[in-house]
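Have a look at the structure below before the remarks.
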Amino acid sequence: MTAKSRVVLLFFIDLAIIWFSIVTSYMFRFNNHIPQEYLTQMIKFGLISTVTFGGSLIFFGLYRRMWQYASIGEIVSILKSIVAGAIISYGTAFILLPERVPFGVEIRSVETILLMVGGVRFLWRVFHNRSTNYKETQTHTLIVGAGDCGTLIAKEMMGPSFAHTKLIGFIDDNMNKYHMSILDIPVLGNRYAIPSLVKDKDIHEIIIAMPSVSRTEISEIIKLSKTTGVKLKIIPALNDLIAGKISVKRLRDVSVEDLLGREPVVADLNSILDYVHHKTVLVTGAGGSIGSELCRQISPFMPEKLLLLGHGENSIYTIEMELRKSFPDLHIITVIADVQDRTRMMDIFRCFMPQVVFHAAAHKHVPLMERNPSEAVKNNVFGTRNVADCADMFGAERFVMISSDKAVNPTSIMGATKRIAEMYVQTLNPISKTKFSAVRFGNVLGSRGSVIPAFKQQIAAGGPVTVTHPEMVRYFMTIPEAVQLVIQSGSFAKGGEVFVLDMGEPVKILNLAEDLITLSGYEPYKDIDIQFSGIREGEKLYEELLTDEENLGSTHHNRIFIGRPNVISQNQLELEFKRLERVLTEDREAIRDVINQIVPMQPVAQTAIS
């Protein structure tokens with residue numbers, strides 16, 4: 001049936017309702033025996049009502065509405081049109097007819113018209129939704145969380161826009177809600193019932209609607225749910241719902257980050273504001289994963305100037321455009337430069353006189369640096385020296401170096417060069433007015449060169465997913481989490497510290513690969529295979545956060561700790577730097593030997609699959 005024919009049919013049904021209502025009202029008034037004079041009045045009043053009610057229904061747009069989506073707005077429109085039609089019809093009849101229409105007839109006819117016109121339309125909605133439900137394949141859905149958020153999501157998903165979804169029930173750990181119903185949807189049990197319910201109720205999708213609970217609890221629920229193999233969606237945490245209301249539109253797929261179970265970082269905004277607000281801030285490596293996120297998180301504190309320094313013009317352009325859009329009043333200066341170029345660094349510092357420096361520029365890819373040790377030395381060691389010397393020379397207030405857990409008891413060139421950079425920064429601190437510090441953390445999920453994007457590409461290609469070793473373990477953080485703690489660490493710096501971030505529990509890379517395959521909707525080893533490729537050059541099975549000589553101290557933040565190493569001789573380090581400069585043009589082994597003299601590198605414990 002076309003839309004036009006449906007409107008015509010509905011219009012004639014309404015006319016029939018009007019006549020039915022008037023006739024039955026007269027019959028009720030006169031006990032089924034209508035006197036002849038009132039019979040004539042009934043016919044004339046019916047004709048008047050047909051015109052007035054019909055015109056009112058058209059005027060209030062009742063034939064322009066899609067009744068399969070009927071709601072409160074439609075009820076109000078029906079009420080307005082019927083009341084208006086009743087007033088006009090009764091007033092017209094009062095003027096035109098010689099005998100007054102009995103008031104009881106008017107009241108009963110209006111009641112009947114209102115009930116039947118509304119009833120027809122809502123029956124239309126019910127039958128339309130039911131026929132749609134039968135036509136489409138329904139997604140059986142469980143909602144974890146029978147609180148306010150879960151109720152809002154359920155209410156929205158019961159609308160006609162979600163006819164393809166069938167809500168099977170709620171899951172909630174509050175046993176007082178067990179066997180109760182919310183919106184006629186039963187609470188079926190607690191989180192531990194999820195696996196059996198998925199099987200028994202043929203569940204296709206689980207929605208986790210608990211934005212206010214801890215990340216640890218969310219992680220536990222996800223671990224229980226992911227074993228079922230169904231699709232998982234989640235409402236973001238409350239601190240992520242910055243704008244707008246809780247809605248199905250805010251649902252997102254569960255990610256590997258959710259499995260970490262890490263609580264959100266709580267920053268001391270006042271202390272950050274004190275050392276960033278109205279200051280000239282320089283971020284090196286501003287186009288990289290960490291550097292760009294540093295810029296995003298520094299920008300709300302409105303520094304006087306924000307210098308974005310990077311070697312790659314495309315990445316710097318990208319972050320510049322993003323920041324200019326998000327912070328139109330921020331004074332942003334883009335600088336294309338290489339930290340290895342000492343003269344260029346001095347010119348930049350002389351021109352802009354940055355007061356706060358975040359040094360994120362570095363080569364970080366372990367196997368690549370094993371094959372290109374001279375570049376690791378030039379960028380990570382001498383590049384850091386150039387920027388740090390300039391910070392000292394031109395009176396910067398703070399210098400924060402982004403370091404790595406690979407600098408601890410290093411087995412790789414990359415790790416060793418980062419450790420040497422830490423050492424240099426620490427030797428400068430006692431003789432400088434600048435507060436030098438370093439922040440050390442592990443792997444960040446989603447950064448360039450990290451394992452997650454590589455796994456996702458392999459999964460998208462149908463596998464196999466390659467893991468270096470079944471016992472390979474790493475610490476992980478999200479990029480925003482790591483950067484927020486880096487900025488917070490800068491406010492604690494007194495000079496000479498190596499700040500160590502609380503990385504939580506280490507994660508086995510094999511488990512990470514399995515989880516990512518499962519969250520992508522596949523079954524590990526069946527749909528997507530996992531293969532072991534062997535430990536790569538410079539890698540080790542386990543990462544550490546402190547060297548043997550470092551003592552861990554606390555800060556005012558429960559996620560940030562201080563490692564204080566032994567005093568390092570600046571003169572000895574300068575001599576070693578000269579040796580490094582001399583061997584840069586020689587072979588890899590010569591460079592490795594000199595690095596090994598400065599920071600003894602540990603042998604890789606295992607290089608093949610045992």
Side-chain angles (χ1 to χ4, degrees), residues 137-158 162 164-238 240-241 246-248 250-263 459 505 507-508 510-528:
T137 302
Q138 288 186 302
T139 302
H140 292 185
T141 302
L142 272 181
I143 297 179
V144 182
D148 293 339
C149 178
T151 303
L152 286 170
I153 294 298
K155 191 177 292 185
E156 187 174 350
M157 295 186 77
M158 291 171 72
F162 295 90
H164 62 283
T165 300
K166 182 176 181 181
L167 295 177
I168 301 299
F170 286 100
I171 295 293
D172 201 285
D173 286 340
N174 184 348
M175 294 311 293
N176 292 327
K177 296 180 181 180
Y178 191 39
H179 292 312
M180 303 292 284
S181 290
I182 299 171
L183 304 173
D184 289 330
I185 302 168
V187 179
L188 299 173
N190 61 20
R191 69 180 71 174
Y192 301 106
I194 291 174
S196 59
L197 285 171
V198 167
K199 185 178 179 181
D200 296 342
K201 304 287 187 181
D202 190 26
I203 301 299
H204 308 127
E205 181 180 70
I206 295 173
I207 295 173
I208 301 171
M210 304 172 71
S212 60
V213 305
S214 69
R215 297 286 177 91
T216 304
E217 278 193 76
I218 292 294
S219 175
E220 290 174 1
I221 291 168
I222 292 170
K223 286 174 183 175
L224 275 170
S225 302
K226 72 184 178 67
T227 60
T228 63
V230 302
K231 190 170 185 180
L232 301 180
K233 288 187 175 291
I234 190 170
I235 279 283
L238 281 178
D240 295 328
L241 294 170
I246 292 172
S247 166
V248 174
R250 292 193 171 272
L251 285 173
R252 61 171 174 79
D253 291 338
V254 168
S255 66
V256 174
E257 287 88 336
D258 296 311
L259 280 163
L260 290 180
R262 299 178 63 79
E263 295 303 321
I459 292 167
E505 294 298 317
V507 177
K508 189 178 283 191
L510 176 58
N511 293 344
L512 197 64
E514 291 171 344
D515 288 339
L516 199 56
I517 292 170
T518 301
L519 294 176
S520 300
Y522 301 105
E523 186 176 340
Y525 308 105
K526 182 179 178 182
D527 301 321
I528 303 287

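Any value given below was found using the heavy atoms of this structure, including those in side chains, with hydrogens, waters and symmetry copies removed.
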With sequence neighbours left out, write down each residue that passes side-chain hydrogen bond (donor to acceptor under 3.5 Å, both in side chains) with Tyr525, or none if nothing qualifies. Glu514
Which atom of Ile185 lies closest to which atom of Ala154, heavy atoms considered: CD1-CB, 4.1 Å
To the closest 0.5 Å, what do you measure between CD (Glu217) and CD1 (Ile208)? 11.5 Å
Closest non-hydrogen atom pair, Asp515 against Lys226: OD1-NZ, 2.7 Å
For Val187 and Ala146, which heavy atoms make the closest approach, and how far apart are they? CG2-CB, 4.2 Å
How close do Leu188 and Gly169 get, counting heavy atoms only, and between which atoms? CD1-CA, 3.9 Å
Do Val230 and Ser225 touch side chain to side chain, with heavy atoms closer than 4.5 Å? no
Is there a side-chain contact between Ile517 and Asp527 (heavy atoms, below 4.5 Å)? no
Can you pull the salt bridge (charged side-chain N to carboxylate O under 4.0 Å, His left out) pairs that have at least one residue in residues 192-208, sequence neighbours excluded? none
side-chain contact (heavy atoms from CB on, under 4.5 Å) evaluation trace for Ile203 with Ile168: CA-CA 8 Å; Ile203 301 299; Ile168 301 299; 3.7 Å; yes
Rounded distance (nearest 0.5 Å) linking atom CD1 of Ile207 with atom CD1 of Ile171: 13.0 Å
Do Arg191 and Val144 come within less than 4.5 Å of each other through their side chains, counting heavy atoms only? no
Within the distance-only criterion (no hydrogens, no angle test), does the side chain of His140 pair as donor or acceptor with the backbone N or O of Lys166 below 3.5 angstrom? no
Do Ile143 and Ile153 come within less than 4.5 Å of each other through their side chains, counting heavy atoms only? yes
Is the shortest side-chain heavy-atom distance between Ile221 and Ile206 below 4.5 Å? no
What distance separates Thr141 OG1 from Phe170 CZ, expressed to the nearest 0.5 Å? 11.5 Å
Taking only residues two or more places apart in sequence, or in another chain, which ones meet Thr151 in a side chain to side chain contact (heavy atoms under 4.5 Å, CB included)? Ile182, Leu183
Rounded to the nearest 0.5 Å, the CG atom of Leu224 sits from the CD1 atom of Ile194 at a distance of 6.0 Å
Kindly compute the distance separating CD (Glu220) from CG (Asp173), expressed to the nearest 0.5 Å. 9.5 Å
